[in-house]
Amino acid sequence: MDQYIIKGGQKLKGEVTIGGAKNAALGILAAAIMTNDNVLIENLPDVKDINVMLEAIEEIGARVDRVDRHTVKINASGIKEVSVDDEFIRRIRASYYFIGALLGKYKDAKVPLPGGCNIGSRPIDQHIKGFKALGAEVKIESGAVIAKAESLKAAHIYLDVVSVGATINIMMVAAMADGQTIIENAAKEPHIVDVANFLNSMGANIKGAGTDTIRIRGVERLHGTEYAIIPDQIEAGTFMCMAAATRGDILIKNVIPKHLESITAKLLEMGNEVEEYDEAVRVIGAASQRHTDIKTLPYPGFPTDMQPQMTVTLSLAEGTSMVTESIFENRFKYVDELARMGGNIKVEGNVAVIDGIDRFSGASVTSPDLRAGAALVIAALAADGISIVEEIGYIQRGYEKFEEKIAGLGGKIEIISSEKEAQKFKFKVS
Ligand code: EPZ
C-alpha cells in the first residue's frame with residue numbers, strides 16, 4: 001500500500017498553483033448529463049473522486065472524452081440507463097448528484113445510497129424532502145434511492161438544515177420542473193454558485209445562488225456549454241495552513257481570495273501575515289503564533305473541510321485554542337493520530353481543546369479521511385524527524401499531485417510502497 005514518507009522541519013517556500021474545486025466539479029459533472037448536446041468542462045481537478053464520477057457517467061451510456069488532464073467533453077445523448085451502479089460510485093458521497101440530474105432530465109433515477117468519508121451520519125433526508133416536494137415518488141430499496149415522477153412541478157422548499165448536497169440536488173431537479181421553485185435556507189458555498197452558473201450557462205434560469213433564497217424557473221430543455229470550474233477553496237486553504245504551520249512563505253496562485261476570507265481572518269488573528277492579490281494569496285508564517293478559537297459553520301463561516309488543517313496549525317501556536325465542529329460529529333478522529341506526534345488535544349463532544357506545543361515529532365500515522373489526511377501531512381511537514389502517513393488513498397481523492405506540489409515548495413516528501421523505498425528516502429534526506 002502506498003504511503004507518504006515525510007522528513008519534517010523545512011519552512012515551505014515558493015509558489016503553488018491551485019486546481020479546480022473538487023466539490024463544484026462533482027455537481028457540475030452530474031449536471032452535464034442533463035443535456036444531449038456537447039458540454040466542455042475546463043479546470044477539472046484530476047483526482048480520484050472526479051475520475052470515479054466520470055467512469056460512472058460513461059457506464060450509463062454517456063460519451064466522455066478527456067481532452068487533456070483538466071478538460072473533459074461530455075455528450076449524454078446516448079444515456080440508456082437511469083440506474084447508476086458500480087462498486088466505485090457507491091464509495092463516493094457525490095453519487096447522490098446523479099439522483100437530481102437523472103430525475104430532472106428523465107424523471108426517473110436509481111442510485112445507490114451514497115458512501116464517502118466517514119465523518120458523521122450524513123443523512124440525505126433533505127434531498128428526499130426536496131425531490132418529493134417537486135413531485136417525485138421516492139423510495140429506498142435494497143440500498144438504492146429510487147425516484148420517479150409523472151411530472152415535475154415547482155415548489156416552495158424550506159431546508160431544515162443548511163445542506164450543500166441538498167441545495168445542489170434540488171436546483172438540478174427544479175431547473176427542469178414546471179414553474180418557479182424557491183429554496184429557502186439554501187447553502188451559500190462558492191460551489192453552489194458555480195453549479196448554478198454552470199446550469200445557467202446551459203439555459204437554466206436560477207437566481208439568488210450564493211444567498212439563502214434561490215429562485216429557479218424551470219425550463220423545457222438544457223443545451224450544451226463550455227465552462228471553467230472555480231479554484232478549490234479547500235486546497236488553497238490547506239496550503240495556507242501549511243505555510244503557517246511550517247513558518248514558511250507560500251504564494252498560492254489561481255484562487256479567489258474572497259472565498260478564503262474566514263481562513264485568512266483566523267491566520268491573521270494568530271499573528272501570521274496574509275497578502276491578498278487579485279488571484280493569489282501569500283501567507284507568511286510567523287515564528288511565534290497565538291491561540292484562537294474556531295467554530296465550523298456553513299459558508300461564509302469557517303469551513304468544516306478546513307477544521308483538521310487548522311487544528312494542526314493551532315497545535316503549534318502558543319496558549320489554548322478551542323475548535324468547535326458543528327457540521328459533522330465524527331470529524332476529530334485524527335486527534336489520536338496527532339497525539340502520537342506529540343499533539344496535546346482533548347476532545348469532548350464536538351469541541352477540541354488544543355494546548356499549544358513547540359514541535360510535533362515524527363511518527364507513523366494513518367489518515368482517517370480526506371481532510372484529516374491532509375492535516376496529518378501538514379503536521380509531518382512541521383515535525384522533527386521522519387513520519388509515515390498511511391491510507392493516502394483518502395488524500396488522493398481530493399488533492400491532485402499533493403506530494404509534487406509540496407516538494408515544489410521544498411518539502412521532503414515521497415510516495416513509498418516498501419521498506420526498501422523508505423530506507424532509500426531516509427538515506428537521501430539524512
Ligand atoms: C459537502 O458534503 C461536501 N461534499 C463535504 O466535503 C463538506 O464537508 C460538506 O458539504 C460541508 O461543507 C461534497 O460536496 C461532495 P451537507 P454534503 O449536506 O453535501 C446534515 C470534503 O472533504 N444533513 O452540506 O454531504 C449533514 O449531516 C467533503 O471534500 C442532513 O441532516 O454536506 C451535516 O451535518 C467531506 N440531512 C450538514 O447537514 C441532509 O439531507 C451539512 O451537510 C443533508 C445534510
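Sequential numbering from 1 along the given sequence is applied to the chain's residues. These numbers come from a predicted model, not from an experiment. Read the numbers this way: they start at 1 and go in the same order the structure lists the ligands and their atoms. Basis for what follows: all heavy atoms, side chains included, without hydrogens, waters or symmetry-related copies.
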Point to revise | From Arg331, Gln307, Glu325, residue fulfilling side-chain hydrogen bond (donor to acceptor under 3.5 Å, both in side chains) relative to Thr296 | key: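 Of Arg331, Gln307, Glu325, side-chain hydrogen bond (donor to acceptor under 3.5 Å, both in side chains) with Thr296 is met by Glu325 alone.
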
Kindly confirm or rule out an N or O of [X] lying under 3.5 angstrom from an N or O of ligand 1.
X: Gly165; result: yes
X: Gln126; result: yes
X: Tyr96; result: yes
X: Val164; result: yes
X: Phe328; result: no

Check your understanding: Got more than 12 heavy atoms from elsewhere within 6.0 Å of CZ, Arg63?
Key ->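 No - once you tally the heavy atoms of other residues, nucleotides and ligands closer than 6.0 Å, there are 12 at most.
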
Check your understanding: Out of Leu159, Ile92, Val161, Leu370, whose heavy atom is nearest to atom 20 (C) of ligand 1?
Key ->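 The option holding the nearest heavy atom is Val161.
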
Practice item. Compare all side-chain heavy atoms of Glu403 with those of Glu414 and state whether any distance is below 4.5 angstrom. Key: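 A side-chain contact under 4.5 Å is absent here.
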
Check your understanding: Between Thr246 and Leu409, is any pair of side-chain heavy atoms under 4.5 Å apart?
Key ->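 No. Closest side-chain heavy atoms not under 4.5 Å.
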
Would you check whether [X] reaches within less than 4.0 Å of ligand 1, judged by its heavy atoms?
X: Val162; answer: yes
X: Lys129; answer: no
X: Pro123; answer: yes

**Study point:** Part of Ile327 within contact of ligand 1 (heavy atoms, under 4.0 Å)
**Key:**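 For Ile327, backbone and side-chain atoms both sit under 4.0 Å from ligand 1.
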
Check your understanding: Backbone, side chain, both or neither: what part of Asp305 comes under 4.0 angstrom of ligand 1, heavy atoms only?
Key ->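 The side chain, only.
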
**Study point:** Residues in ring-ring contact (aromatic ring centres under 6.0 Å, His included) contact with Tyr227, at least two apart in sequence or another chain
**Key:**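 Tyr227 satisfies ring-ring contact (aromatic ring centres under 6.0 Å, His included) with Phe198 only.
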
With a cut-off of 4.0 Å, which atoms of ligand 1 are near a heavy atom of [X]?
X: Ile124; answer: 39 (C), 40 (O)
X: Arg331; answer: 8 (O), 22 (O), 35 (C)
X: Lys22; answer: 21 (C), 29 (O)
X: His127; answer: 40 (O)

Practice item. Using a strict 4.0 Å threshold on nitrogen-to-oxygen distance, state whether Arg282 and Asp249 make a salt bridge. Key: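 Yes, charged N to carboxylate O under 4.0 Å.
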
Review point. Salt bridge (charged side-chain N to carboxylate O under 4.0 Å, His left out) with Glu400: which of Lys22, Lys405, Lys48, Arg69?
Key: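 Among Lys22, Lys405, Lys48, Arg69, the one that satisfies the salt bridge (charged side-chain N to carboxylate O under 4.0 Å, His left out) with Glu400 is Arg69.
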
Exercise for review: Hey, can you tell me if Phe402 and Phe239 have their rings parallel, tilted or perpendicular (30° and 60° cut-offs)?
Suggested key: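 Correct class here is perpendicular.
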
Practice item. Please identify each residue that fulfils salt bridge (Lys or Arg N to Asp or Glu O under 4.0 Å) with Asp37, with sequence neighbours left out. Key: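 Salt bridge (Lys or Arg N to Asp or Glu O under 4.0 Å) check on Asp37 returns Arg221.
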
Practice item. Begin from the C-alpha positions of Glu15 and Lys253 and carry the test salt bridge (charged side-chain N to carboxylate O under 4.0 Å, His left out) through to its verdict. Key: CA-CA 7 Å; Glu15 295 182 4; Lys253 299 195 323 195; 2.8 Å; yes

